[in-house]
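Because the structure is a prediction, the values reported are computed rather than measured. Basis for what follows: all heavy atoms, side chains included, without hydrogens, waters or symmetry-related copies.
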Amino acid sequence: MEATKPIQPKAKPAAKQTNKKNVKGIKNAAWVLVICFIIAVCLFLFVFGAPSHFHLEDLEGAAPKWTMWGVDGGHPKDLVGTIFKGGIIVPVLQTLFLTVIVLSVERWIALSSAKGKGSIAKFVGDVKACLAKNDIAGAQALCKTQKGSVAAVVAAALVRYEEMDKNTVLTKEQKVATLQKEVEEATALEMPALQQNLPIVATMTTLGTLVGLLGTVIGMIKSFQALSASGAPDSTELSTGISEALINTAFGIATGAFAVISYNYYTNKIDNLTYAIDEIGFSIVQTFAATH
């Protein structure tokens, strides 16, 4: 009988630089919205709607009637009570505002981890110096120390750099093109993590203002309806209703302004990281082309 040949293990493919999680962050922002909405509703009901923020002298009965929607009757005695009188749009605006704050803090943590441990400018300069001396091992050691997105792209490019340096089949032009492609692929893997959740912040810039204006219009409609029902115009009641309606505008403008500042700030930081990645990637490719 023919001897059975042992099954040979398949050869493992050449090690490829894996895309490790170099940027920490929240992947599912829907949970942030849900949690912020719950917090906003609790604040609206139990903090802004607390009886201590209202004048209860005009209420009928000795004890104030406090329902799940706050004090039943009475005029606000401070700004907190006035915010509650802004209506059901207030917790929606608070949800948007809290979401912007949470995602801004999340992006700060994420981009700090993407930046790495040291100065990006110093890291780029040190890697360029190592490349000028053809010290690939030294550049790789710098990447391990620096960490972050820029270091991850450089590390992937250096691995391909060594492979192309030892390759005797491809032409110089093919090697340069392969190295350039590796830099582009590594950059493309890092960019989505850098820009994650920023589109939501950008949406809040417009959404916050629009929702605030919606609350204001609703409040003004209610104010004029109350005036028409009472018969004689009451300037005090009208001014109170307008101030309550404008609370929504204030929250909407605050949300939109904070979202604009946050979005522009983090977009600028991402642009700086992208510029550093492009600069060091170009240096790696040009160094290879000049020395081979």
Side-chain angles (χ1 to χ4, degrees), residues 22-44 47-48 79-80 82-116 119-121 148-150 187-188 190-221 242-279:
N22 300 296
V23 182
K24 300 177 181 178
I26 299 174
K27 291 185 178 181
N28 192 354
W31 286 108
V32 175
L33 284 168
V34 172
I35 294 172
C36 288
F37 178 73
I38 293 173
I39 294 174
V41 170
C42 291
L43 287 174
F44 180 73
V47 177
F48 297 108
L79 181 60
V80 177
T82 304
I83 291 175
F84 176 82
K85 286 291 187 176
I88 196 62
I89 298 294
V90 172
V92 177
L93 289 167
Q94 289 175 339
T95 300
L96 300 180
F97 186 72
L98 290 174
T99 301
V100 172
I101 293 176
V102 171
L103 293 183
S104 297
V105 173
E106 181 266 345
R107 281 296 88 192
W108 182 80
I109 297 173
L111 294 181
S112 296
S113 65
K115 175 178 174 291
S119 171
I120 291 293
S149 295
V150 180
T187 303
E190 294 293 332
M191 289 307 297
L194 296 178
Q195 298 174 344
Q196 188 175 2
N197 294 330
L198 278 183
I200 298 177
V201 177
T203 303
M204 297 298 178
T205 60
T206 304
L207 186 60
T209 304
L210 292 178
V211 174
L213 289 175
L214 174 63
T216 300
V217 171
I218 293 174
M220 294 294 292
I221 291 174
I242 292 175
S243 65
E244 292 170 356
L246 291 179
I247 287 295
N248 294 294
T249 302
F251 266 111
I253 292 175
T255 301
F258 191 79
V260 168
I261 294 172
S262 175
Y263 179 79
N264 290 334
Y265 174 75
Y266 290 119
T267 300
N268 182 64
K269 288 181 72 68
I270 292 173
D271 289 341
N272 292 336
L273 288 173
T274 305
Y275 175 77
I277 291 174
D278 293 340
E279 181 183 2

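Counting only heavy atoms from C-beta outward, the side chains of Ile83 and Phe251 approach each other to under 4.5 Å. Counting only heavy atoms from C-beta outward, the side chains of Thr209 and Thr255 never approach each other to under 4.5 Å. For the pair Leu198/Arg107, a side-chain contact is recorded, criterion being any heavy-atom separation below 4.5 Å from C-beta on.
When all heavy atoms of Thr267 and Tyr263 are compared, the closest pair comes out as OG1-O, 2.6 Å. Nearest heavy-atom pair, Leu79 versus Ile247, reported as atom, atom and distance to 0.1 Å: CD1-CD1, 4.0 Å. Gln196 approaches Lys27 most closely through the heavy-atom pair NE2-CA, 2.8 Å. Of all heavy-atom pairs between Ser113 and Ala110, the closest is OG-O, 2.6 Å.
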Indicate every side-chain donor-acceptor pair of residues 86-102 with a distance under 3.5 Å to a residue at least two apart or in another chain.
unit_1, atom_1, unit_2, atom_2, d
Thr95, OG1, Pro91, O, 2.7
Thr99, OG1, Thr95, O, 2.7

Output a table of donor-acceptor pairs, distance under 3.5 Å, between side-chain atoms of residues 35-43 and any protein atom two or more places apart or on a different chain; print 'none' if there are none.
none

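Other residues, nucleotides and ligands place more than 12 heavy atoms under 6.0 Å from the CZ atom of Phe48.
Ile200 pairs in a side-chain contact (heavy atoms from CB on, under 4.5 Å) with only one of the listed residues (Leu103, Leu33, Val32), which is Leu103.
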_As a quick check of understanding, evaluate side chain to side chain contact (heavy atoms under 4.5 Å, CB included) for Val150 and Leu273, giving each step before the final call._
CA-CA 7 Å; Val150 180; Leu273 288 173; 4.0 Å; yes

*Take Trp108 and Ser104, measure what side chain to side chain contact (heavy atoms under 4.5 Å, CB included) needs, and give me the verdict at the end.*
CA-CA 6 Å; Trp108 182 80; Ser104 297; over 6 Å; no

*Apply side chain to side chain contact (heavy atoms under 4.5 Å, CB included) to the pair Met191 and Thr274, showing each step before the final yes or no.*
CA-CA 8 Å; Met191 289 307 297; Thr274 305; 3.5 Å; yes

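To the nearest 0.5 Å, the span separating CG on Leu111 from OH on Tyr266 amounts to 7.0 Å.
Distance alone, capped at 3.5 Å, places no donor-acceptor pair between the Asn268 side chain and the Asn264 backbone. Here the side chain of Glu190 pairs no donor or acceptor atom with the backbone of Ser149 at under 3.5 angstrom. Distance alone, capped at 3.5 Å, is enough to place a donor-acceptor pair between the Thr216 side chain and the Thr249 backbone. In this structure a side-chain-to-backbone donor-acceptor pair under 3.5 Å is missing from Ser262 to Phe258. Put simply, the side chain of Asn197 gets close to the backbone of Ile26: a donor and an acceptor are under 3.5 Å apart.
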